[in-house]
Amino acid sequence: MSKHNKKAEVDMPLAVLTMLKANVMAYVVTAIFILFASILLTYTQVGDQFESIIVTLGIIASAFLAGFDTAKIDDKNGYKWGAIGGSLYFMIFLVLGTLIEKLNNVAPSMIFLIAFIVLITSTIAGMISVNCGRR
């Protein structure tokens with residue numbers, strides 16, 4: 001006799017709220033990394049190369065957090081929810097960067113690289129989140 005898998009419905013208002021909370025926390029982490037880089041640039045002799053490394057690490061950590069927290073919506077398909085959370089993080093990143101006019105001088109290849117890093121990091125984080133929740 002075949003087993004019928006019932007698809008568990010995801011509560012969409014709760015899912016949207018969870019995604020928003022996850023992205024707010026991710027941007028708090030991003031702000032902390034940017035402040036850390038600013039303090040180091042102001043009070044030490046590190047160069048601009050160090051600033052881009054810190055900002056990139058901040059984006060990776062923030063995308064991981066966004067994907068990890070968003071994937072807690074469902075107890076399966078963590079990669080999908082992580083990718084959705086990371087995509088929302090990147091869309092907000094683009095909107096904020098455009099509004100403050102900081103993306104005007106950034107090469108499109110760099111924006112695509114950031115999008116790729118965010119998507120991969122958040123997808124992996126979603127998988128980790130779902131698998132950690134099963135213990």
Side-chain angles (χ1 to χ4, degrees):
M1 193 165 183
S2 66
K3 293 182 181 180
H4 295 287
N5 293 335
K6 280 187 166 180
K7 285 193 173 186
E9 295 284 329
V10 176
D11 184 16
M12 285 313 286
L14 179 63
V16 170
L17 185 63
T18 303
M19 283 188 280
L20 291 176
K21 285 181 183 179
N23 274 280
V24 165
M25 290 308 298
Y27 275 100
V28 167
V29 170
T30 302
I32 290 169
F33 272 89
I34 291 173
L35 286 172
F36 178 68
S38 299
I39 290 169
L40 285 176
L41 282 171
T42 302
Y43 295 110
T44 63
Q45 298 296 325
V46 297
D48 291 337
Q49 182 70 21
F50 184 75
E51 177 188 16
S52 62
I53 291 171
I54 290 293
V55 170
T56 304
L57 288 175
I59 290 172
I60 290 170
S62 299
F64 187 90
L65 181 63
F68 189 87
D69 286 345
T70 302
K72 291 181 180 180
I73 293 170
D74 196 4
D75 58 350
K76 57 184 175 178
N77 296 325
Y79 66 96
K80 290 179 186 176
W81 287 108
I84 290 169
S87 297
L88 180 62
Y89 175 84
F90 184 70
M91 286 188 277
I92 294 170
F93 177 83
L94 286 179
V95 169
L96 290 175
T98 303
L99 287 176
I100 62 172
E101 298 178 1
K102 290 294 183 182
L103 292 179
N104 291 345
N105 298 328
V106 178
S109 61
M110 188 62 172
I111 293 174
F112 286 123
L113 178 63
I114 291 171
F116 180 74
I117 289 171
V118 166
L119 188 62
I120 295 298
T121 304
S122 60
T123 302
I124 291 170
M127 290 187 286
I128 291 171
S129 175
V130 168
N131 290 323
C132 286
R134 290 185 180 171
R135 289 183 186 182

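Not measured: the values here are computed from a predicted model.
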inquiry  = Just by distance, no angles: are the side chains of T70 and Y89 close enough, under 3.5 Å, to form a donor-acceptor pair?
reply    = no
query = What's the shortest heavy-atom distance between A66 and G85, and which atoms?
reply = CB-O, 4.1 Å
key: Reported OG1-to-CE distance for the pair T18 and M12, which is rounded to 0.5 angstrom   = 10.0 Å
query = Linking I/L/V/M/F/W/Y whenever any side-chain heavy atoms sit under 4.5 Å apart, do V118 and M19 land together?
reply = yes
query = Would L57 end up clustered with L41 when hydrophobic side chains under 4.5 Å apart are linked, directly or stepwise?
reply = yes
task = Look up atom CG in N77 and atom CH2 in W81, then write down how far apart they are to the nearest 0.5 Å.
result = 9.0 Å
message = Using modelled atom types and a 3.5 Å cut-off, is there a donor and acceptor pairing between side-chain atoms of Y27 and backbone atoms of F93?
response = yes
key: Main-chain N/O of T30 paired to S62 side chain as donor or acceptor, under 3.5 Å   = yes
Inter-residue atom distance T42.OG1 - L35.CG, 0.5 Å rounding = 10.5 Å
remark   = To the nearest 0.5 Å, atom CE of M110 lies from atom CG of N105 at 13.5 Å
inquiry  = Checking side chain to side chain contact (heavy atoms under 4.5 Å, CB included) between F64 and each of I128, D69, V29, which is the one that passes?
reply    = I128
Atom pair CD1/CG of I54 and L40 - distance to nearest 0.5 Å = 6.5 Å
query = What closest approach, in Å, do M127 and Y79 show between heavy atoms, and which atom pair accounts for it?
reply = CG-CB, 3.6 Å
request  = Work out which heavy atom in G82 is nearest to a heavy atom in A71; give both atom names and the distance.
outcome  = N-CB, 4.3 Å
ask   = Is the backbone N or O of L94 less than 3.5 Å from a side-chain atom of T98, with the two atoms forming a donor-acceptor pair by type?
value = yes
query = Do you know the tightest heavy-atom contact between I73 and A15?
reply = CD1-O, 3.5 Å
query = Quick check: does any side chain N or O of S129 sit under 3.5 Å from a backbone N or O of F68, one acting as donor and the other as acceptor?
reply = yes
query = Of all heavy-atom pairs between T123 and A83, which one has the smallest distance, and what is that distance?
reply = OG1-CB, 3.5 Å
query = For the residue pair A61 and F33, what are the closest heavy atoms and their distance?
reply = CB-CE1, 4.0 Å
ask   = In terms of hydrophobic clusters joined by side-chain contacts under 4.5 Å, are I84 and I114 together?
value = yes
remark   = dist K72:NZ -> C132:SG (nearest 0.5 Å) comes out at 9.0 Å
note = Per side chain to side chain contact (heavy atoms under 4.5 Å, CB included), F90 is matched among I111, I59, L119 by I111
inquiry  = For residues L96 and V106: do they belong to one hydrophobic cluster (side chain heavy atoms under 4.5 Å, members Ile, Leu, Val, Met, Phe, Trp, Tyr)?
reply    = yes
query = If Ile, Leu, Val, Met, Phe, Trp and Tyr residues are connected whenever their side-chain heavy atoms lie under 4.5 Å apart, and connections chain through other members, are I32 and V55 in the same group?
reply = no
